[in-house]
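Notes follow once the structure below has been shown.
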Amino acid sequence: AAPGVLSRFRGALVGSVLGDCIGGEFEGAVDVPLDRVLQHLGALEDETRGDGILQYSDDTAMMRCVADSLLTRMAFDERDMARRFAKEYNLAPGRGYGSGVIQVLRKLASPHLKDVFQPAQAQFGGRGSFGNGGAMRAAPFALAFKSRADVCKYSRLGAMLTHSCSLGYNGAALQALAVHLSLQGALALPKEFINKLISEMEEMEKDEKAQLDAKALNLSEFPYCSRLHRVKELMDRNSVSIEEVISELGNGIAALQSVPTAIFCVLHCLEPRDGLPERFGGLERTISYSLALGGDTDTIACMAGAIAGAHYGIDSIPQSWQKSCEGVEEADDLARRLYNFYCLPQFEE
Ligand code: F2R
Ligand code: MG
Ligand code: MG
């Protein structure tokens, strides 16, 4: 039977944390053979292993700030969210943050800062970051807001606190939309799911700033739409190699090279795949496959884990995996609280 809505909410945030913790092992690796991935996952089932629990990184640290802020303020409050990012970074700076975003987080800590969007706008010579840091933390926006328009609006604004390049904040909106649609069961019809994402991104990428940014970076006019069309083409092929996925979609730290890739991982793993154990359910397949792509594995697995967790629900996630990862209980609690808020009338349009 299809999972209930609460189960989907819990699956989304727990799936995101698991992807981050489990994927951290291979972040930055160029070549990750599938047997190494399966060995890493097999170790999670071994209760006698002595290497402790897997730590979460910046992906989860910032996702928790987003969820805490939305829950405390019961709305999007940019000053509150910015303050939480800065405080979290100050408390635990060693969680593997991007080298550019650190400067933003330090500036956001200043009590004299008037415009909390300004530090992000000064990044990379005024061009702003196109990294995937806005997208990796976007899942709570999908859980907090009911309408697609609000999910897009607030996930973009939340990303703009650190990423002012449209490739960065539109990537966050794409990730939030994918989680939002998945929560509603839209992955039951994969082609319609991807078509909906394309039509939403067409609207976003018509924007003047999006057009200027794409031109400045020598990209096609509608960069996310064109990646999503490639996702569709790959879905239609009988077989597709890891190398083809990397060359067509990317596996890098830029949002454009990782958000469509995470979406592909989920779609590709809706069915059993060669090389992955038959006993694996869809969420296990999705996270394994994301790791096997190499590159920005914690973040691609975190984003794919959120979309897949929203589709399959909390019961699809092995207990041994949940027990092996730092921050799972807290993510589960945040998801339950976001569900309660989602059900309140103040979140109605
Ligand atoms: N940073 C990492 N992993 C690598 C190092 C881990 C750790 N420091 C270690 O010691 O091993 N992972 C995390 O960062 C990614 C999210 O990054 P975010 O938040 O987007 O950061 P930033 O700095 O804004 O962007 C990341 C890099 O992208 C390039 N870049 C972005 N915009 C650019 C632009 N306009 N022009 C040129 N380059 C641009 C830069 O290299 C940035 O440093 C996640 O993977 C998370 O897990
Ligand atoms: Mg990380
Ligand atoms: Mg990463």
Side-chain angles (χ1 to χ4, degrees), residues 16-30 32 54-66 81-82 84-86 88-89 92-108 117 119-139 155-156 158-175 209-210 212-219 223 250-259 261-262 265 287 290-291 293-306 325-327 331:
S16 155
V17 174
L18 287 182
D20 177 18
C21 293
I22 298 173
E25 171 80 5
F26 303 111
E27 193 185 19
V30 176
V32 185
L54 302 171
Q55 305 284 301
Y56 65 75
S57 76
D58 55 334
D59 305 45
T60 300
M62 296 192 90
M63 181 278 280
R64 285 167 58 148
C65 295
V66 170
M81 201 171 281
R84 285 172 196 272
F85 288 156
E88 170 59 36
Y89 173 67
R95 294 258 186 209
Y97 285 83
S99 52
V101 77
I102 289 169
Q103 298 164 42
V104 180
L105 299 173
R106 289 190 181 129
K107 290 182 191 171
L108 289 177
F117 293 105
Q121 289 160 7
Q123 290 294 92
F124 298 100
R127 296 187 307 277
S129 172
F130 52 59
N132 54 20
M136 73 189 182
R137 62 180 192 246
S155 56
R156 286 171 105 203
M160 283 177 200
L161 290 167
T162 49
H163 292 68
S164 74
C165 175
S166 58
L167 275 301
Y169 60 74
N170 282 344
L174 174 58
Q175 167 64 12
K209 169 127 174 55
L212 288 172
D213 286 346
K215 201 168 180 188
L217 290 163
N218 258 333
L219 297 166
N251 62 357
I253 207 165
L256 185 65
Q257 292 174 0
S258 50
V259 184
T261 311
C265 290
I287 290 192
S290 309
L291 269 52
L293 295 180
D296 195 358
T297 49
D298 67 330
T299 304
I300 294 173
C302 162
M303 297 188 293
C325 298
E326 182 192 17

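Just follow the structure's listing: the first ligand is 1, and inside any ligand the first atom is 1.
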Does the side chain of N132 pick up a donor-acceptor pair with the side chain of S258 at under 3.5 Å?
yes

Which value, rounded to the nearest 0.5 Å, describes the distance between K107 atom NZ and Q103 atom CD?
6.5 Å

Using heavy atoms and a cut-off under 4.0 Å, could you grab the residues that are in contact with ligand 1, chain by chain, numbers ascending?
E27, D58, D59, G96, Y97, G98, S99, G100, V101, F124, R127, G128, S129, F130, G131, N132, G133, M136, H163, I253, D296, D298, T299

Hey, is R95 close enough to E326 for a salt bridge, meaning N to O under 4.0 Å?
yes

With a 3.5 Å distance limit and no angle check, can you tell me whether D59 reaches the backbone of D20 through a side-chain donor-acceptor pair?
no

CG (L105) and CG (L161) are apart, to the nearest 0.5 Å, by 10.0 Å

Distance in Å, D296 CG paired with Q257 CD, rounded so as to fall on 0.5 Å steps:
10.0 Å

Quick check against the 3.5 Å criterion: does Q175 have a side-chain atom that pairs as donor or acceptor with the backbone of M303?
yes

For the backbone of G23 and the side chain of T297, can you confirm whether one donor and one acceptor N or O come within less than 3.5 Å of each other?
yes

What is the ring orientation for F124 with F130, classed by angle as parallel under 30°, tilted 30 to 60°, or perpendicular over 60°?
parallel

Check the Mg ion (ligand 3) and write out every protein N, O or S atom at under 2.8 Å, as residue and atom.
E27 OE2, D296 OD1, D298 OD1, T299 OG1

